[in-house]
Amino acid sequence: MPGLLQSKEMEGSELIWLEALRQKGEAAFEQSGIPTAKTEAWKYTKLRMLNADDFEFPSSEEQTCHCGCHRHDGEDEHCHCEGHDCTCHVDFPFEGYVLRFKNGAFVAPHPKLPEGVEVMTLMEAAHLEEDVKAKLGKLIELDNYPFAALNTAYLEEGLFINIRKGVKLEKPLIIDHLARPQDKNLFWNLRHLIVVENGADAEIIENYRYRGAEKSRYFANIVSEIYVGRNAKLRHYKLQDEAFKACHLALSAVQVKADGNYRHFCAQKGADVGRNEVVVKLVEEGAEARVDAAYKMSGWATLDTTTDIRHLAPHTKSEQLVKGVVDGDAKGVFQGRIHIAPDSQQTEGRQLHQALLLSDRAEVDVKPELEIFADDVKCSHGAASGELDEEQLFYMRSRGIDADEARQILVEAFLDDALMQVEDEAVRIWLKSVLQ
Amino acid sequence: MSALLEIEDLYARVGDKEVIKNLNLTINEGEVHAIMGPNGAGKSTLSYVLSGKPGYEVTSGSIRFKGKDLCSLSTEERAREGIFLCLQYPVEIPGVPVSTFLKHAVNAVRKHQNLPELDTFEFLKTLRAEGKKLGIDNEMLKRPINVGFSGGEKKRLETLQMTILKPVFSILDEADSGLDIDALKVVAEGINALRNEHNSMLVITHYQRLLQYIVPDVVHIFADGHIVKSGDKSLAAELEETGYAAYRNE
Ligand SMILES: Nc1ncnc2c1ncn2[C@@H]1O[C@H](COP(=O)(O)OP(=O)(O)OP(=O)(O)O)[C@@H](O)[C@H]1O
Ligand SMILES: [Mg+2]
């Protein structure tokens, strides 16, 4: 069995610092291996599939067309196909600058971007931008994050996004990732570096979807490092709707400086194993973060939301609301840590997880952790899980509403207050409809 | 005058407790019947049995509605056939606005009648107009149903739902509880507006006061799971004097 560490020719090997970083990643992953149930951070989310199957990197000729329609226009390498069966383009019900990926690789071209917004592939940026060397890999302790280590070993594909000082982006950047599963098991690593400079304001949406062989396995390993500057604001929204045999593991490591504001919302409904992990370091006074999520699942899936909010400065604030609907034999996992460092006085950290269990076999595992080393703080956490309320169901049915419809209305209502945290109304409506 | 609801030799239980015992009651089209009786007699249980609430089991006897067996219908089917239960304790549903809830309900009933879905704009116009008559403002229609509503507001909202859904047969379980004197009039007017030669009602109450506004054709005294005495509206006044002492344990 080849395992997940396989030889791969990569761009940028002439950059000494980059090679050194990759090697550090490789060494860390060799040390840890694929986590087992004995690894505390992974005890609820089983990764049997990664051990049981072989995975290979997509070959480069598979990368050229976004949709696999093979109806290209002469020498032009991107697709102009408008056929009904073409999935190159998905229409988002809102405007934005769409950046397309297929099977872990960027698909040109870049959209035209307004002044002060730079987007390039990470490898382009690694050659051009000093900032990349200074920031890449700096927000993640590789020894504690096996898959971030693996991702670092294959650091190549992905984007460098830079919102310059004071720039207010009017429309969101949309990172639209299409998985085209095949008869062999594919595996890709994707790495983004996002810098929102002081006083800038931006919205980034990550969309993970798939087309084609439903039952194929693939493993998407995604890491984003995000720097939110002083007085800057980033709204970071994500939809995970991968194929149902897929494994999607994502880590967003975020640093927020003074009076900066980071808002994260993740909707998960796809994959066999899906994990969205968010680590936020509030490093200067007045930094704030909201990390919210909603997940809805059935079958045998495991969907995991793991958060770690580190209050490393006084007057910092964080809030989390995570809601899940679990049906069938599925399992929801929530691990949420709030860490308040010594001297981080007058901080506020709140966390709430609520799950709705729609079947007897559905399960949720919840592990809240508060690590508080300062005394003048307001902290709270809570977790609850329950079933649909029979009285509410009866009340709706007694007005003529079909039992199934009543259940659906109640499920939507349950997720509603988490979704309300999505500030962008058009995105909220989109996510709501996807979770229906 | 034809019978709308016919209950014959009915026995029903909730959990393992037999609550309805040998009940017989016929309500004709256009009639309003009042039921009065001591706490725990089984009045609310009867209303749930008629609505087909899960957990309320008919053990013997029969219920016919418009000549058809009612027990074989689900709760929502009964509602679509025109049965409406105004609950003694209306249920709170966080996250579901009143207007959304009622739009689903109205369209479910319309679908059953092979009518097209209501246009949202038209629906909201009607809802607002009817709400206004009952003292329910637009803000309340946007709030999650019954959440944080006062006792009286909940009863008004039940009445609004009834007005909008236009049931053929309404069961009003203590529609008057929690209402101040003015609200009682408003709610009673709303209910009376639905009275006609086809629509019937079963009004459960502890107080004669409501029956002065919604004047019943027949008054029943209900104790220990069945009707122990029936009469005209004067029976309610009489009860107010004597209480239930004479009817307990028959
Ligand atoms: N789920 C249940 N399990 C067991 N007993 C029940 C249940 N629901 C009701 N009962 C019992 O059935 C009896 C009748 O209750 P019901 O609510 O129908 O009375 P009621 O006539 O409406 O009284 P009130 O005037 O107080 O509203 C009561 O003794 C009550 O405790
Ligand atoms: Mg009662």
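Keep in mind that the numbers below use all heavy atoms, side chains included, and drop hydrogens, waters and symmetry copies.
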- Measure A/Ala406 against the heavy atoms of chain B and call it side chain, backbone, both or neither at under 4.5 Å.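 Neither; nothing under 4.5 Å.
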[X], [atom1] atom: more than 12 neighbouring heavy atoms under 6.0 Å:
X        : atom1 : answer
A/Asp360 : CG    : no
A/Glu170 : CD    : no
B/Lys132 : NZ    : no
A/Lys317 : NZ    : no

- Query: Taking the six-membered ring for Trp, are A/Tyr395 and B/Phe101 ring centroids under 6.0 Å apart?
  - Reply: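 So the answer is yes for these two rings.
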- Message: Please determine whether a side-chain nitrogen of the Lys or Arg among B/Glu77 and A/Arg397 lies less than 4.0 Å from a carboxylate oxygen of the Asp or Glu.
- Response: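 Salt bridge between B/Glu77 and A/Arg397, a charged N being under 4.0 Å from a carboxylate O: no.
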- Carboxylate-amine/guanidinium contact A/Asp402 B/Arg80, below 4.0 Å: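 Yes, this pair counts.
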- Task: Using non-hydrogen atoms and a 4.5 Å limit, figure out which bit of B/Asn107 sits close to chain A: side chain, backbone, both or neither.
- Result: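 No part of B/Asn107 comes within 4.5 Å of chain A.
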- What parts of residues 407-436 of chain A touch chain B if we use heavy atoms and a cut-off under 4.5 Å?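 Contacts with chain B: A/Ile409, A/Leu410, A/Ala413.
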- Task: Residue by residue, scan residues 377-392 of chain A and write down, ordered by number, those that have a heavy-atom distance under 4.5 Å to chain B; if none do, write 'none'.
- Result: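 So far as heavy atoms go, A/Glu391, A/Gln392 are the residues that approach chain B to under 4.5 Å.
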- Query: What is the distance from atom OG of A/Ser398 to atom CZ of B/Arg78, rounded to the nearest 0.5 Å?
  - Reply: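 Between A/Ser398 OG and B/Arg78 CZ, I get 11.5 Å after rounding to 0.5 Å.
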- Hey, is the main chain of B/Leu85 close enough, under 3.5 Å, to the side chain of A/Arg399 for a donor-acceptor pair?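 Yes; judged by distance alone, with no hydrogens or angles, the pair exists.
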- Between chain A and each of B/Ile145, B/Ile83, B/Leu102, B/Leu87, count heavy-atom pairs under 4.5 Å; write down the option with the most.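 Ranked by heavy-atom pairs under 4.5 Å with chain A, first place is B/Leu87.
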- Query: What closest approach, in Å, do B/Ala108 and A/Gly400 show between heavy atoms, and which atom pair accounts for it?
  - Reply: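 Answer, listing the atom of B/Ala108 first, then A/Gly400: CB-O, 3.1 Å.
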- Close side-chain approach of A/Met396 and B/Ile93, heavy atoms under 4.5 Å: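 Yes, at least one pair of side-chain atoms sits under 4.5 Å.
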- Message: Assess the residue pair A/Phe394 and B/Ser51 against the criterion (side-chain contact (heavy atoms from CB on, under 4.5 Å)); give the C-alpha distance rounded to whole Å, side-chain angles, the decisive distance to 0.1 Å, and a yes or no.
- Response: CA-CA 9 Å; A/Phe394 169 70; B/Ser51 318; 3.8 Å; yes
- Task: Check the pair B/Glu76 / A/Ile401 against side-chain contact (heavy atoms from CB on, under 4.5 Å), numbers first and verdict last.
- Result: CA-CA 6 Å; B/Glu76 53 269 40; A/Ile401 301 171; over 6 Å; no
